[in-house]
Amino acid sequence: MIFGCASVEHWGRARRLLIPAIEWGGEYTEDQVRQQIADQEAQLWIGEDGEVRCAVVTSIRPGRDGPICDIWLMGGNDRSLWLHFIEVIEAAAAERGCVAMELTGRTGWRRVLPDYREQAIVLRKAL
């Protein structure tokens, strides 16, 4: 499977996997997410093996101790095929100087990402 950062032109390929996360969060519209990717305020990550299996949207924001990479939206099919790609995002974030990863999402992500610790309702993993 190939996994990497993609431009907004690839949104159509990832859309079906990210719409449920956008709707669950309820804070942003699809157009707002696409615009943030187009403006390079957010990053689109896609994993595929002939078919798009996962899509992740991240953004980097300032934090007290340094930049934090937020896993903003995430969706996919058969997590066992792609969840390990979170490590690729973590490495890219560390290369950009991020000191931590954060994820706000459903509580079920606690079980799926055991290296992240619960901090209020946010899951966080230091890099």
Side-chain angles (χ1 to χ4, degrees):
M1 184 176 302
I2 299 169
F3 184 79
C5 199
S7 66
V8 73
E9 287 78 26
H10 296 276
W11 176 260
R13 298 172 53 228
R15 180 183 185 278
R16 68 179 171 78
L17 299 172
L18 293 172
I19 290 298
I22 292 170
E23 291 173 352
W24 182 86
E27 295 179 41
Y28 295 92
T29 66
E30 176 183 356
D31 288 341
Q32 289 172 317
V33 173
R34 287 181 58 215
Q35 190 61 52
Q36 288 199 29
I37 295 166
D39 292 344
Q40 298 182 356
E41 295 171 4
Q43 303 78 44
L44 174 63
W45 300 83
I46 295 176
E48 60 187 314
D49 60 0
E51 177 182 336
V52 176
R53 301 287 181 184
C54 68
V56 179
V57 178
T58 60
S59 63
I60 297 175
R61 63 176 167 82
R64 184 186 68 200
D65 299 323
I68 295 170
C69 181
D70 287 318
I71 298 175
W72 181 19
L73 303 166
M74 184 164 37
N77 300 321
D78 195 353
R79 237 184 351 249
S80 66
L81 295 176
W82 60 266
L83 191 61
H84 62 284
F85 288 126
I86 296 297
E87 295 171 9
V88 173
I89 296 171
E90 292 168 352
E95 286 177 17
R96 291 186 67 180
C98 292
V99 297
M101 301 289 300
E102 284 192 356
L103 157 70
T104 302
R106 298 184 324 264
T107 57
W109 284 113
R110 253 187 307 206
R111 292 184 308 276
V112 176
L113 298 170
D115 292 341
Y116 286 63
R117 63 182 174 90
E118 187 172 350
Q119 190 170 340
I121 59 167
V122 175
L123 299 178
R124 181 180 185 136
K125 178 185 174 184
L127 296 179

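- Taking the side chain as every heavy atom from C-beta outward, W72 and V33 approach each other to under 4.5 Å.
- Once rounded to the nearest 0.5 Å, the distance linking CH2 of W24 with CG of L73 reads 10.5 Å.
- With hydrophobic clusters built from ILVMFWY side chains whose heavy atoms lie under 4.5 angstrom apart, V8 shares a cluster with I19.
- Residue L113 is grouped with residue F85 when hydrophobic side chains (ILVMFWY) are merged at heavy-atom distances under 4.5 angstrom, including chains of intermediate members.
- The shortest side-chain heavy-atom distance between W45 and V88 falls under the 4.5 Å cut-off.
- At a threshold of 4.5 Å between non-hydrogen side-chain atoms, the residues R96 and Q43 count as touching.
- Listed here is the closest heavy atom pair of N77 and R16: ND2-NH1, 3.3 Å.
- Within the model, atoms CD of E9 and CG of L44 stand 10.0 Å from one another, a figure rounded to the nearest 0.5 Å.
- Residue S80 comes nearest to D78 through the heavy atom pair OG-OD1, 2.7 Å, listed as atom of the first residue, atom of the second, then distance.
- For the atom pair NE2 (H10) and CD1 (I37), the distance works out to 11.5 Å, reported to the nearest 0.5 Å.
- Considering every non-hydrogen atom in both A55 and A14, the closest pair reads CB-CB, 3.6 Å.
- L17 and L83 fall into different hydrophobic clusters, where Ile, Leu, Val, Met, Phe, Trp and Tyr are joined by side-chain heavy atoms under 4.5 Å apart, directly or via other members.
- Here the straight-line distance linking atom CD of E51 with atom CZ of R13 works out to 11.0 Å at 0.5 Å rounding.
- Contact of the L18 side chain with the R34 side chain is not registered, since no non-hydrogen atoms from C-beta on lie closer than 4.5 Å.
- The only option from M101, K125, E87, E90 that meets the side chain to side chain contact (heavy atoms under 4.5 Å, CB included) definition with D115 turns out to be K125.
- Here the CE-CD1 distance, from M74 to I89, works out to 7.5 Å after rounding to the nearest 0.5 Å.
- Minimum interatomic distance between Y28 and Q36 (heavy atoms only, all atoms of both residues): CE2-NE2, 3.8 Å.
- Of all heavy-atom pairs between I68 and C98, the closest is C-SG, 4.1 Å.
- Summarising the geometry of L103 relative to I71, their closest heavy-atom pair is CD1-O, 3.7 Å, with the distance given to 0.1 Å.
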